[in-house]
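So the structure is just underneath, and the comments pick up after that.
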Amino acid sequence: MPEGHSLHRLARQVQDVFGGQALRASSPQGRFADGAALLDGQVLERAWAHGKHFFADFSGGLTLNVHLGLYGAFSFGGDESFAAASSIGAPRRIGERELPSAVDDDGPSPSAAVPPPPAATVRLRLVSAHGWADLIGASTCRVLTPAEVLQVTAKLGPDPLNDDDPAPFLLRAGKTRRPIGVVLMDQAMVGGIGNIYRAESLFRAGVDPWRPAKDLGEEGLRALYEDNRRLLRAGVRLGRIVTTRQEHRPGVTAEQAWPEHANYVYQRQGQPCLVCGEDEIVAEDMASRRLYRCMVCQT
DNA sequence: GTTCGATGAAGAT
DNA sequence: TCTTCCTCGAACA
């Protein structure tokens, strides 16, 4: 489920279980054989994320860069010390929908430090003394020099999860008449917001997604940026996207893992709005992406 | 501005 | 077997 929170969870997980260790790298599928050979045997020094990009710096001075695209996912496995190293509960999978089964206890057996034979679709396999990670379905998987890393990150807007200065976003969004719903999805404007956070943050702000971005003013844009930071942080903490305020989740505690009403408008077209109660949540297309909004609450 | 591939897997038909 | 999906960049008009 690659919006920004997933990539930051992934970076945290990789740092936890592989940081400071020498890794074997291979490409069972074959399409990343050259890149894997460049990294094989090196120490993973630091894993980090910017927007929807994942990076891992290796001791030889090169950096692994992965973009999960629409379907990419990492899966993890290992022995007890590998699981214990994880601050997010050694999920079986990061990058797609993090269903409850992803953190259930059908985990590795205590002696499972030897990885199973890889699936034919595994683009990259990383193996340490205690566990492994398999990458499938990524749209980008490459090895970059430091200069190339800078080129990639320079094209991305500030990432609310990295405490970046929001000024570049405020400046650029404050000048364009492109719809705010398009601007929030533009990774050059702000990093990490995808279709769900776009729809949900605009609902929470009561903003019509079709409004020109500049019409929101600096304060409106800043509030939207800050709310996305809050929502993304909650996503990192919970491992899923929960955007409803507690008063709109009746009978549910603040941090219950799987609340019934986790979102206000995303994929709720035709259902009653959790705030106004009207059947006015609609789905339409915006720049060839699905857009969800409440026709009553967002003006 | 739009359309079209391209990465896999899961769920519906 | 078909459709869908939390994506992006290239190729178009």
Categorize [X] for me: base, sugar-phosphate, or nothing, with a 4.0 angstrom heavy-atom threshold over every strand shown.
X         : result
Arg31(A)  : sugar-phosphate
Ser288(A) : base
Gln29(A)  : sugar-phosphate
Arg290(A) : nothing

Length of the [atom1]-[atom2] vector between [X] and [N], whole Å:
X         : N      : atom1 : atom2 : value
His53(A)  : dC8(C) : NE2   : C1'   : 9 Å
Arg9(A)   : dC6(C) : CZ    : C1'   : 14 Å
Phe74(A)  : dG8(B) : CZ    : P     : 13 Å
Leu70(A)  : dC8(C) : CG    : C1'   : 10 Å
Asp186(A) : dC8(C) : CG    : C1'   : 11 Å
Phe32(A)  : dG8(B) : CZ    : P     : 14 Å
Leu291(A) : dT7(C) : CG    : P     : 13 Å
Ile136(A) : dT7(B) : CD1   : P     : 14 Å

Backbone of Ile196(A) reached by a side-chain donor or acceptor of Glu3(A) within 3.5 Å:
yes

Main chain of Thr145(A), side chain of Glu148(A): is a donor-acceptor contact present, judged purely on distance under 3.5 Å?
yes

Can you tell me if [X] touches the phosphate of [N], counting only side-chain N or O atoms and a distance under 4.0 Å to OP1 or OP2?
X         : N      : answer
Lys52(A)  : dC8(C) : yes
Ser139(A) : dG9(C) : no
His67(A)  : dC8(C) : yes

Parallel, tilted or perpendicular: which describes the rings of Phe18(A) and Phe76(A), with under 30° parallel and over 60° perpendicular?
tilted

Would you measure the distance from the [atom1] atom in [N] across to the matching atom in [M] and give it in whole Å?
N       : M      : atom1 : result
dA10(B) : dC8(C) : P     : 23 Å
dT3(C)  : dC4(B) : P     : 15 Å
dG9(C)  : dA9(B) : P     : 23 Å

Given [options], which nucleotide is nearest the side-chain atoms of [X]?
X         : options                : answer
Tyr266(A) : dC5(C), dT7(C), dG1(B) : dC5(C)
Ile196(A) : dT2(B), dG1(B), dC6(C) : dC6(C)
His5(A)   : dC8(C), dC6(C), dT7(B) : dC6(C)
Gln267(A) : dG8(B), dC8(C), dC5(C) : dC5(C)

Closest heavy-atom pair and its distance - Asp208(A), Arg293(A):
OD1-NH1, 3.1 Å

Tell me if the aromatic rings of Tyr264(A) and His248(A) count as close, with their centers under 6.0 Å from one another.
yes

Arg24(A), CZ atom: more than 12 neighbouring heavy atoms under 6.0 Å:
no

